Each structure stands twice: as structure tokens, then as C-alpha cells.
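These notes are about the structure you will find just below.
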Amino acid sequence: MTHTDDTTAAGAARQLRRIRAFYAAGVVLWTASSVWTMGDSPGSRPMWTSLLLLAVFTGLLAMACRWLRRPGSTGSARPSRHVAPSGRAGRHAMSKS
């Protein structure tokens with residue numbers, strides 16, 4: 001990876017950690033809302049809406065956690081590949097006769 005790739009990856013990981021905190025707060029909020037509406041009016045539309053939003057935020061949190069774990073394990077094991085511009089591949093390596 002180049003220096004620019006490292007900077008971009010670090011920025012993306014930092015942003016993903018921030019959004020992960022937002023998703024965690026959403027899970028806590030919608031858990032409390034779901035429990036409240038289940039006790040207040042079980043089987044109602046607001047209860048099902050709270051449960052749906054709880055499921056959405058839980059899924060987003062799980063994906064963010066998984067994505068944050070993935071780059072550390074596979075990023076260093078795989079070498080980066082650089083693609084040469086088309087039409088000029090190998091010209092600089094040829095000697096003039």
C-alpha cells in the first residue's frame with residue numbers, strides 16, 4: 001500500500017469507529033423504546049416499528065464491527081498490486097538497440 005492508501009484507510013477506519021458509536025446509541029435507544037412500548041401497548045404498530053428499527057440498527061452495528069475487524073487481518077497479508085497504464089506496459093524496461 002502506498003502512503004496515500006494508508007491515510008485513506010486510516011481516515012475510513014476513524015469514520016467507521018465514529019458511526020459505530022452512533023449505531024450503538026441507536027441500538028440502546030430502540031431497545032429502550034421497544035421495551036417501553038411492549039409494556040405500554042403490546043402488539044401495536046409503534047411496538048413493531050420500534051422492533052424493526054432495533055433490528056436495523058443492530059444489523060448496521062454488526063456490519064460496522066465486522067468491517068473494522070476485517071482490514072487488520074487481511075490487509076497486511078495481501079500485497080498491493082499496481083496496474084501499469086494501458087498501452088505502455090513494459091516500455092520503460094526495454095533497452096534501445
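Quick note: numbers below take in every heavy atom, side chains included, and nothing from hydrogens, waters or symmetry partners. What you see is a predicted model, and the numbers here were worked out from it, not measured in a lab.
- Remark: Ile19 engages Leu16, Phe22, Tyr23 in a side-chain contact (heavy atoms from CB on, under 4.5 Å) (not counting sequence neighbours).
- Scanning for side-chain contact (heavy atoms from CB on, under 4.5 Å) contacts around Ser41 gives Ser44, with sequence neighbours left out.
- Under the side-chain contact (heavy atoms from CB on, under 4.5 Å) criterion, Ala24 pairs with Leu61, not counting sequence neighbours.
- Residues Leu52 and Phe57 do not share a hydrophobic cluster, clusters being chains of Ile/Leu/Val/Met/Phe/Trp/Tyr side chains in contact below 4.5 Å.
- In terms of hydrophobic clustering, with Ile, Leu, Val, Met, Phe, Trp and Tyr side chains grouped at heavy-atom distances under 4.5 Å, Val28 and Met47 are assigned to different clusters.
- Not counting sequence neighbours, the partners of Arg18 by the side-chain contact (heavy atoms from CB on, under 4.5 Å) test are Arg14, Gln15.
- Put simply, Trp48 and Met38 are part of the same group of oily side chains (I, L, V, M, F, W, Y) that touch within less than 4.5 Å, one to the next.
- A donor-acceptor distance shorter than 3.5 angstrom exists from the side chain of Thr58 to the backbone of Leu54, with no hydrogens or angles considered.
- Under a hydrophobic clustering in which Ile, Leu, Val, Met, Phe, Trp and Tyr are joined whenever their side-chain heavy atoms come within less than 4.5 Å, directly or via other members, Val27 and Leu29 fall into the same cluster.
- Under a hydrophobic clustering in which Ile, Leu, Val, Met, Phe, Trp and Tyr are joined whenever their side-chain heavy atoms come within less than 4.5 Å, directly or via other members, Val56 and Trp67 fall into the same cluster.
- With sequence neighbours excluded, no residue satisfies side chain to side chain donor-acceptor pair (under 3.5 Å) with Thr31.
- Residues satisfying the side chain to side chain donor-acceptor pair (under 3.5 Å) criterion with Thr37, sequence neighbours excluded, are absent altogether.
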